[in-house]
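Worksheet: one structure, shown below.
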Amino acid sequence: MQFSRRVFCGRLTPDDVGREVFLAGWVDAFRDHGGLLFVHLRDRSGLVQIVFSPEVAAADVCERAGGLRAEYCVVVEGKVAKRLAGTENPHIETGLIEVMVTGLSVLAPSDALPFAISEKAMVAGAPSAGAGGVAEDLRLQYRYLDIRRPSVRENLVARHRVFQCVREFLDGRGFVEVETPMLTMSTPEGARDYLVPSRVHPEKFYALPQSPQLFKQLLMIGGMERYFQLARCFRDEDLRPNRQPEFTQLDVEASFIDEEFLYELIEELTVRMFDVGGITLPRPFPRMTHAEALATTGSDRPDLRFDLRLVDVTPVFSQTRYSIFRQVLQRGGRIMGLNVKGQSGRLSKNVLQNEYAKDIAPSFGAKGMTWMRVQDGRFESNIVQFFARRELDALRRAFDAADGDVLIMIADPSPAVVTSALGQLRLHLAARLGLIHPRRFCPVWITEFPLFEPTEDGGVTSSHHPFTAPDRVDFDPANVDDLLALRSRAYDLVVNGEELGGGSIRINDRGVQGRIFAALGLTEEETRERFGFFLRALDFGAPPHGGLALGMDRTVSMILQTPSIREVIAFPKNRSAACPLTGAPAGVRREQLAELGLLNLGGPHAPPGTPGTKDRLDRLSWVSRIGIAAGERPAMEAILAQAEELASVATRNAGDAPPIRTVVPVANRTRPGTEQKRSALAQTGQLLGSAPVVKGQYYQVANILE
Ligand code: ASP
């Protein structure tokens, strides 16, 4: 086969007319015109129409062509010709030409397809097939066929382009790509770890990295100064629509820098990445403090593509007679609202009362919702009569309300409930009223996050991760109020209401890092056990450093505007975190578990009867192969206690004789050898060479041999 002569289907142009070509690819679609067969041949570059005509091709070629079916893998030879006027196909790039085939070889036939792969119609004006509407799990089960679809493949190619852009840009700025381990210790990012049992170190586990956080910091301590990695990260979290258990982050870290360095760097990089998708981002990216974001949008991931801003109208009602508001204020609550400008025509009384106040606002956690429409200079609502003129005037000023506006208010003793419910209403209204321009992109940096969040047990937990620098270091790790007042030197990059990534300036002082661990409630021993290696590294002249990570699946998905991140991942897990193609996660053989030492791990969750199982009744039931029903357990416990009592009496009566644990006479169960002979394998150590643990000339062997 002369693959070296191959030319690409999608690259042929009218300039090639008359040229002899050798093409390889798949049968995308075909049309049989009785004697004349038209085929769309597809390779990675695109499509070209090839024609089998008895006037051009030998009879045997035409005959074999008659057997072609969708997705047969073939090579053909032929001559490029101009299409007859009126038969051009504007659906495909090569639609002005076709290839008159003279030779054909089928490299591999294909089974009937589980879904259509062809996305281009063969005839001008005809609808193209495409796999729209195919169940996603079916697509993922046959992902290799799905990837043959040009639209899916193009997503992967675009992802590659974005990654190339990242590499080129960061290399140009002096960043070095370094790989960090996949089999490692837990790296806290707030999720559960995926654990990997070690066979050679029984009962020990590696964790897959939630992020390369500690390693990138160690690289800074190692003097690398500027690092990046397109790193695979693993987080065992509850299922959410746009989450994958493994995902790719662009991980960046630099030394001797401050926040401004990172803002500039990441803005330039983000602008370039979006440019790959033809999207121009406005620069500089605006910045908002965390408090400001919550107060104006009700979210720490504000979508700034539309105006709607929250307004605090608590002071307007400080003297109110309206009992619901008065009670809320007496309990230290807050009243906030939104002015949905000029939308009263689309938000009728009925919609506001029966949909928003009754259903939608409560579904966002609000106990109720107050609304007012402004008509002919007056407020219209079912409760307007409860308010004083002075209050309504103040409300008009606070909301800058005019005719046609709709005011929406939420009151609650908990300010967090107010902002969160209004934040969600804000998004709901914007989507419903079509306030979001589909091609608008609004990046924003969110800064000054609280360093800690309160936990239910009265302690604190890190808002980001425990290596984030606080805004001041004179805090008392035992004083929760003091800790909750700390801000962090962290920042998130948010675009259109989605967090693309975030990071922080890090702690490079061992003392401060130690106090943060103490604030998190870790004992010295726990700190040493989990982070001792890292604290030790901070002892050796750690430079000031900071960085961030961007979720690349999300970023590419946003650039390409795909409906889910799964569209930009070659082999994603489905919504249930499973892989329909390979069947992962799957059960494993018992022997594998045994080999990994997982059958005798001990602890309360070990299989019943395995050593270390706490519940002696379970153990007894397992060993003696008798089932003990729940109702029988008390009686069995009593029998067991009595037996133990008897045994202890017997032991006491036995005087100095050692206690025995069996009633069967002790006997030597090893077979006497006939002749003393040491195996040569034993002599060289080969016999036990694959024992899991070897120390000098000693081998750890399974219990049964001991
Ligand atoms: N390791 C952090 C994360 O994965 C990012 C960072 O702080 O650089 O979210």
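Computed over heavy atoms, backbone and side chain alike; hydrogens, waters and symmetry mates excluded. Atoms within a ligand are numbered from 1 in the order they appear, just like the ligands themselves.
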Is the ring pair Tyr263/Trp445 parallel, tilted or perpendicular, if the boundaries are 30 and 60 degrees? tilted
Among His465, Lys216, Glu253, Glu499, the residue with a heavy atom nearest to atom 8 (O) of ligand 1 is Lys216
Residues at least two apart in sequence or cross-chain that pass salt bridge (Lys or Arg N to Asp or Glu O under 4.0 Å) with Glu246, listed by chain then number, are Arg232, Lys573
Identify, by atom number and element, the atoms of ligand 1 in contact range of [X], meaning under 4.0 Å from any of its heavy atoms.
{"X": "Ser211", "result": "1 (N), 4 (O)"}
{"X": "Gly503", "result": "6 (C), 7 (O)"}
{"X": "Ala549", "result": "5 (C), 8 (O)"}
{"X": "Arg235", "result": "3 (C), 4 (O), 9 (O)"}

With heavy atoms under 4.0 Å as the rule, classify the contact between His464 and ligand 1 as side chain, backbone, both or neither. neither
Logged contact type for Gln217 with ligand 1, heavy-atom cut-off 4.0 Å, is neither
Here the pair of heavy atoms bringing Arg153 nearest to Arg44 is NH2-O, 3.1 Å
Protein heavy atom at shortest distance from atom 9 (O) of ligand 1: Glu189 OE1, 3.7 Å
What protein heavy atom lies closest to atom 5 (C) of ligand 1? Include the residue and the distance to one decimal. Gly502 O, 3.4 Å
Contacts table for residues 498-506: side-chain donor-acceptor under 3.5 angstrom, sequence neighbours left out:
| from | atom 1 | to | atom 2 | distance (Å) |
| --- | --- | --- | --- | --- |
| Ser504 | OG | Thr468 | OG1 | 3.2 |
| Ser504 | OG | Arg506 | NH1 | 2.7 |
| Arg506 | NE | Glu253 | OE1 | 3.4 |
| Arg506 | NE | Glu253 | OE2 | 2.8 |
| Arg506 | NE | Ser504 | O | 3.4 |
| Arg506 | NH1 | Ser504 | O | 3.4 |
| Arg506 | NH2 | Glu253 | OE1 | 2.7 |
| Arg506 | NH2 | Gly547 | O | 3.4 |

Looking at Arg240, I want to see if its CZ is surrounded by more than 12 non-hydrogen atoms of other residues, nucleotides or ligands under 6.0 Å. no
Result for salt bridge (charged side-chain N to carboxylate O under 4.0 Å, His left out) between Arg287 and one of Glu260, Glu292, Glu448 points to Glu260
